[in-house]
Colleague: 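Just dropping this structure here.
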Amino acid sequence: MVKQTIQIYSRIKPTKKITAVYSVDDEENRVGSTLEFVVPRDLADGFINNKKESYLFRFQKVFDQEAKQEEVFEHIAKPVADNVLAGYNGTIFAYGQTGSGKTFTITGGAERYSDRGIIPRTLSYLYQHFSQDSSKVYTAHISYLEIYNEVGYDLLDPRHEASRLEDLPKVTIMEDEDQNIHLKNLSIQQSANEEEALNLLFLGDTNRMIAETPMNQASTRSHCIFTVHVCSREPGSSTLRRSKLHLVDLAGSERVGKTGVGGQLLTEAKYINLSLHYLEQVIIALSEKNRTHIPYRNSMMTSVLRDSLGGNCMTTMIATVSVDKRNVDVKASPTLIIHPS
Ligand code: ADP
Ligand code: MG
């Protein structure tokens with residue numbers, strides 16, 4: 001497989017409210033689309049000024065409000081799943097402010113079957129492939145890791161129900177002589193079919209919600225990494241081929257306001273901003289040609305994903321965007337989504 005850079009997409013959440021002025025422009029002869037926001041200058045810098053200011057962001061493709069889950073899966077997740085079936089690791093991130101549609105995109109909505117997100121659709125796709133491809137014997141295992149304030153927790157740990165997040169065993173990173181990463185206290189559970197895998201997703205999501213209180217909205221302040229470990233073997237052969245697919249629901253990318261935030265909230269926000277910043281550094285380093293040092297070790301997330309970003313791995317990011325007028329804060333626009341794809 002050809003070494004490729006990171007693919008960056010954007011998805012705009014549907015809204016009935018008044019939206020910011022924006023337009024999506026699919027470039028005809030080139031792969032890519034541009035998302036443009038027009039912000040009156042008086043909003044951008046606090047001075048009254050009638051000139052408009054335009055902000056352009058380029059993506060591989062922009063999925064506008066009407067894009068369906070099916071389309072997002074076909075376009076974004078299927079190629080990564082195919083690559084994982086071919087034996088390479090892959091990672092898909094959802095990045096965006098709280099409320100912009102990260103969880104909807106990665107996991108899906110509960111109301112309609114058609115609202116299934118990338119995880120259930122990918123599981124269905126993988127198991128279908130396993131049963132159709134008679135040239136190999138496949139096994140799949142699932143793990144579901146939550147990273148909160150730089151500490152990892154096993155979302156499939158049954159003790160979640162009875163304990164507070166802080167009291168659960170912490171997942172720690174260990175490295176062997178060959179610099180392979182091992183995660184202590186993270187269970188990896190075999191799932192024989194799609195239903196079993198979906199049950200594990202459901203268990204993990206339930207545990208995500210149990211940990212959530214008004215003071216600790218864990219799911220918006222933590223990163224959740226759902227991993228499918230695929231192992232295949234040709235009948236009669238003893239050679240195993242392993243690959244991993246990580247589906248990552250990142251913590252909300254909103255910046256901390258300058259006033260009124262302190263204590264626990266500020267600590268969380270610092271960790272989130274820092275870990276997103278370290279992820280950005282890794283992604284930028286991977287996209288630069290001839291870079292030899294990639295700073296994986298700075299955060300737990302980049303350490304965990306070290307063998308699944310860049311190189312032969314397919315890495316894809318979906319920047320989810322809410323275009324409700326009140327959400328467009330030019331000064332807070334994340335640098336990550338400006339990064340050219
Ligand atoms: P985040 O995880 O980024 O905080 P959510 O995925 O929870 O945001 O989305 C916030 C709300 O908007 C949820 O009620 C979700 O169902 C809804 N939503 C998000 N994206 C879409 C979409 N593309 N189509 C329909 N509803 C959506
Ligand atoms: Mg969410």
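For ligands, and for the atoms within them, numbers begin at 1 and follow the listed sequence. In what follows, residues are counted from 1 in the order of the sequence shown. These numbers were taken from a predicted model, which means no experiment stands behind them.
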Colleague: Does the residue E111 have a heavy-atom contact with ligand 1, meaning some pair of atoms that are separated by less than 4.0 Å?
Modeller: no
Colleague: For atom 8 (O) of ligand 1, what's the nearest protein heavy-atom neighbour? Residue, atom name and distance, please.
Modeller: G101 N, 3.1 Å
Colleague: Does the protein come close to atom 13 (C) of ligand 1 - that is, does one of its heavy atoms sit below 4.0 Å from that atom?
Modeller: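 So far as the 4.0 Å threshold goes, atom 13 (C) of ligand 1 is out of reach of every protein heavy atom.
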Colleague: Test your reading of the structure: does T320 have an N or O sitting under 3.5 Å from an N or O of ligand 1?
Modeller: no
Colleague: Do Y144 and F226 have ring centroids that are under 6.0 Å from one another?
Modeller: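 They qualify: ring centres under 6.0 Å apart.
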Colleague: Ion pair present between R121 and E70, side-chain N to carboxylate O less than 4.0 angstrom?
Modeller: yes
Colleague: Quick check on S100 - does any of its heavy atoms sit under 4.0 Å from an atom of ligand 1?
Modeller: yes
Colleague: Which atoms from ligand 1 have a heavy atom of R11 less than 4.0 Å away?
Modeller: 23 (N)
Colleague: Who's the nearest protein heavy-atom neighbour of atom 10 (C) of ligand 1, and how far?
Modeller: G99 O, 3.7 Å
Colleague: Just by distance, no angles: are the side chains of D25 and T34 close enough, under 3.5 Å, to form a donor-acceptor pair?
Modeller: no
Colleague: Yes or no, since that's all I need: does a protein heavy atom fall within a distance strictly under 4.0 Å of atom 2 (O) of ligand 1?
Modeller: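 There is a protein heavy atom less than 4.0 Å from atom 2 (O) of ligand 1.
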Colleague: Counting only N and O atoms by type, is there a donor-acceptor contact under 3.5 Å from the side chain of S100 to the main-chain atoms of V321?
Modeller: no
Colleague: Using a 4.0 Å heavy-atom cut-off, say whether Q65 meets ligand 1 through its side chain, its backbone, both or neither.
Modeller: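 Within the 4.0 Å criterion, Q65 makes no contact with ligand 1.
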Colleague: Is it true that P14 lies under 4.0 Å from ligand 1, counting heavy atoms only?
Modeller: yes
Colleague: If the contact criterion is a heavy-atom separation under 4.0 Å, does G96 count as touching ligand 1?
Modeller: no
Colleague: Which of the atoms of ligand 1 are close to T98, meaning less than 4.0 Å from one of its heavy atoms?
Modeller: 4 (O)
Colleague: Any side-chain heavy atom of P169 within less than 4.5 Å of one from R159?
Modeller: yes
Colleague: Using the rule that two of Ile, Leu, Val, Met, Phe, Trp, Tyr join whenever any of their side-chain heavy atoms come within less than 4.5 Å, decide whether Y125 and V230 are in one cluster.
Modeller: yes
Colleague: Report yes or no: does T103 have an N/O/S atom closer than 2.8 Å to the Mg ion (ligand 2)?
Modeller: yes
Colleague: Nearest to atom 6 (O) of ligand 1, what protein heavy atom do you find, and at what distance?
Modeller: F104 N, 2.7 Å
Colleague: Hey, what's the ring geometry for Y138 with H129, parallel, tilted or perpendicular (30° and 60° as the breaks)?
Modeller: perpendicular
Colleague: Quick one: are I173 and V304 in side-chain contact, heavy atoms under 4.5 Å?
Modeller: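 Touching, per the 4.5 Å side-chain cut-off.
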Colleague: Go through ligand 1 atom by atom and flag the ones less than 4.0 Å from a non-hydrogen atom of Q97.
Modeller: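 Atoms satisfying the 4.0 Å criterion: 3 (O).
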Colleague: Using non-hydrogen atoms of the residue, decide whether Q69 is closer than 4.0 angstrom to ligand 1.
Modeller: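 So Q69 does not count as touching ligand 1.
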Colleague: Taking the side chain as everything from C-beta on, heavy atoms only, tell me whether L250 gets closer than 4.5 Å to L279.
Modeller: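 With C-beta onward as the side chain, the pair touches.
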Colleague: Could you check whether any side-chain N or O of S222 sits under 3.5 Å from a backbone N or O of Y148, counting only pairs where one atom can act as donor and the other as acceptor?
Modeller: no
Colleague: Check each heavy atom of K13 against ligand 1 and say whether those closer than 4.0 Å belong to the side chain, the backbone, both or neither.
Modeller: side chain
Colleague: Please say whether T103 places an N or O atom under 3.5 Å from an N or O atom belonging to ligand 1.
Modeller: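 So ligand 1 has an N or O lying under 3.5 Å from an N or O of T103.
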Colleague: T315 side chain to G310 main-chain N or O, any donor-acceptor pair under 3.5 Å?
Modeller: yes
